[in-house]
Amino acid sequence: MTSLPEDPTRLIVDDDRDSAVQRLQEAYAEGHISHEEMDERLGRVLTARTGSELVTALGSLPAEKAATTSTIGAAGGRIKRRGAWRVPRILKVHSAFGRVYLDLSRAIIEDPVIDIELQLGTGKARITVPRDAIVDVEGLTTGWKDMVYEPPRRSGPGGPTIRISGAMGFGRLKIRHARRGNR
């Protein structure tokens, strides 16, 4: 996420606006602003032309947390994370050949939104998300095989949003929600 422009008179670009929208959404998800206040502020962000207008629309929000990014990579072999592991805000997974298994069902997730960026060549990938998670796969492109994901029939409120993006070559990605007993 890009930071807001330091020069308040400079005209903003789409990245500035996108960052401001994301910041408002996160503040709403964390309970810092009401739905009505988010709508009002979003209107101001979407019509803003300068940096000072964005700063005004984001005024009184808590300080932005620094995004933590981790990269897991392997040329071949297996990448596996399960149990009580700490999930960073942004997780990049790179594998040329091999299998990837990420189990987030018992993981420590501190952020309301987690971005997982996959860059996979061949091999299978499986991601298990918490029962109450919301999964967004709009940013993912698949090559040879399709992704397998069936959203749950019911999901409870308050779960994290898991955004999965990137590119899959010749492998298949399966995403599933944890069974009962796991979050």
Side-chain angles (χ1 to χ4, degrees), residues 1-3 14-15 18-19 21-31 62-183:
M1 181 163 69
T2 61
S3 59
D14 286 340
D15 284 346
D18 292 345
S19 293
V21 167
Q22 184 175 359
R23 188 138 172 238
L24 284 172
Q25 290 171 334
E26 288 173 359
Y28 172 71
E30 293 171 0
E64 189 174 15
K65 293 191 293 187
T68 57
T69 302
S70 292
T71 302
I72 305 170
R78 183 178 297 180
I79 295 174
K80 191 174 196 178
R81 296 288 184 274
R82 67 179 188 189
W85 62 290
R86 187 172 306 278
V87 181
R89 165 73 181 81
I90 301 168
L91 178 63
K92 297 181 179 188
V93 181
H94 301 261
S95 176
F97 309 100
R99 293 181 177 199
V100 173
Y101 176 63
L102 301 176
D103 184 348
L104 283 69
S105 64
R106 293 188 180 129
I108 300 164
I109 300 175
E110 297 173 334
D111 295 290
V113 178
I114 301 295
D115 287 304
I116 299 176
E117 178 189 301
L118 301 175
Q119 295 298 326
L120 308 178
T122 62
K124 295 178 180 179
R126 185 173 70 188
I127 300 174
T128 303
V129 299
R131 235 183 31 239
D132 57 352
I134 298 166
V135 177
D136 177 358
V137 292
E138 292 298 316
L140 181 69
T141 58
T142 58
W144 192 50
K145 293 189 176 185
D146 290 332
M147 174 195 55
V148 176
Y149 172 61
E150 185 175 325
R153 291 185 195 123
R154 290 181 275 167
S155 92
T161 297
I162 312 288
R163 294 188 299 215
I164 301 173
S165 64
M168 299 265 320
F170 293 99
R172 170 170 279 154
L173 171 63
K174 290 184 180 182
I175 303 169
R176 72 177 188 88
H177 288 264
R179 301 190 197 304
R180 293 182 188 259
N182 294 342
R183 276 202 202 172

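In this text, all values refer to a predicted model and were calculated from it rather than measured experimentally.
- Using a 4.5 Å cut-off on side-chain heavy atoms (C-beta onward), Leu173 and Val137 make no contact.
- Residues forming a side-chain contact (heavy atoms from CB on, under 4.5 Å) with Ser165 (at least two apart in sequence, or on another chain): Glu117.
- Note: Asp111 CG to Ile162 CD1 = 10.0 Å, rounded to the nearest 0.5 Å.
- Checked against Ile127 for a side chain to side chain contact (heavy atoms under 4.5 Å, CB included), the options Val100, Leu104, Val93 give a single hit: Leu104.
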Under 3.5 Å, which donor-acceptor pairs link side chains of residues 78-88 to any protein atom two or more places apart or in another chain?
unit_1 : atom_1 : unit_2 : atom_2 : d
Trp85  : NE1    : Asp103 : O      : 2.9
Arg86  : NH1    : Glu110 : OE2    : 2.3

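- In this structure, the side chain of Thr141 engages the main chain of Gly166 through a donor-acceptor pair within 3.5 Å.
- Counting all heavy atoms, side chain and backbone alike, Leu140 lies closest to Ala167 at CD1-N, 4.2 Å.
- Separation of atoms CE (Met168) and OG1 (Thr142) is listed at 8.0 Å; rounding is to 0.5 Å.
- For the pair Tyr101/Thr128, a side-chain contact is recorded, criterion being any heavy-atom separation below 4.5 Å from C-beta on.
- The backbone N or O of Val129 sits nowhere less than 3.5 Å from a side-chain atom of His177 that would complete a donor-acceptor pair.
- Every residue two or more places apart in sequence or in another chain that forms a side-chain hydrogen bond (donor to acceptor under 3.5 Å, both in side chains) with Arg163 is listed here: Asp115.
- Here Phe97 pairs with nothing under the ring pair (Phe, Tyr, Trp, His ring centres under 6.0 Å) rule; sequence neighbours left out.
- Taking OG from Ser95 and NZ from Lys124, the interatomic distance works out to 14.0 Å, rounded to the nearest 0.5 Å.
- With values rounded to the nearest 0.5 angstrom, Leu102 atom CG is found 6.0 Å from Ile116 atom CD1.
- Partners of Val21 under the side-chain contact (heavy atoms from CB on, under 4.5 Å) rule, at least two apart in sequence or in another chain, are Gln25, Leu42, Val45, Leu46.
- Remark: Asp136 CG to Thr161 OG1 distance equals 8.0 Å, nearest 0.5 Å.
- Residues meeting the side-chain hydrogen bond (donor to acceptor under 3.5 Å, both in side chains) test with His94, sequence neighbours left out: none.
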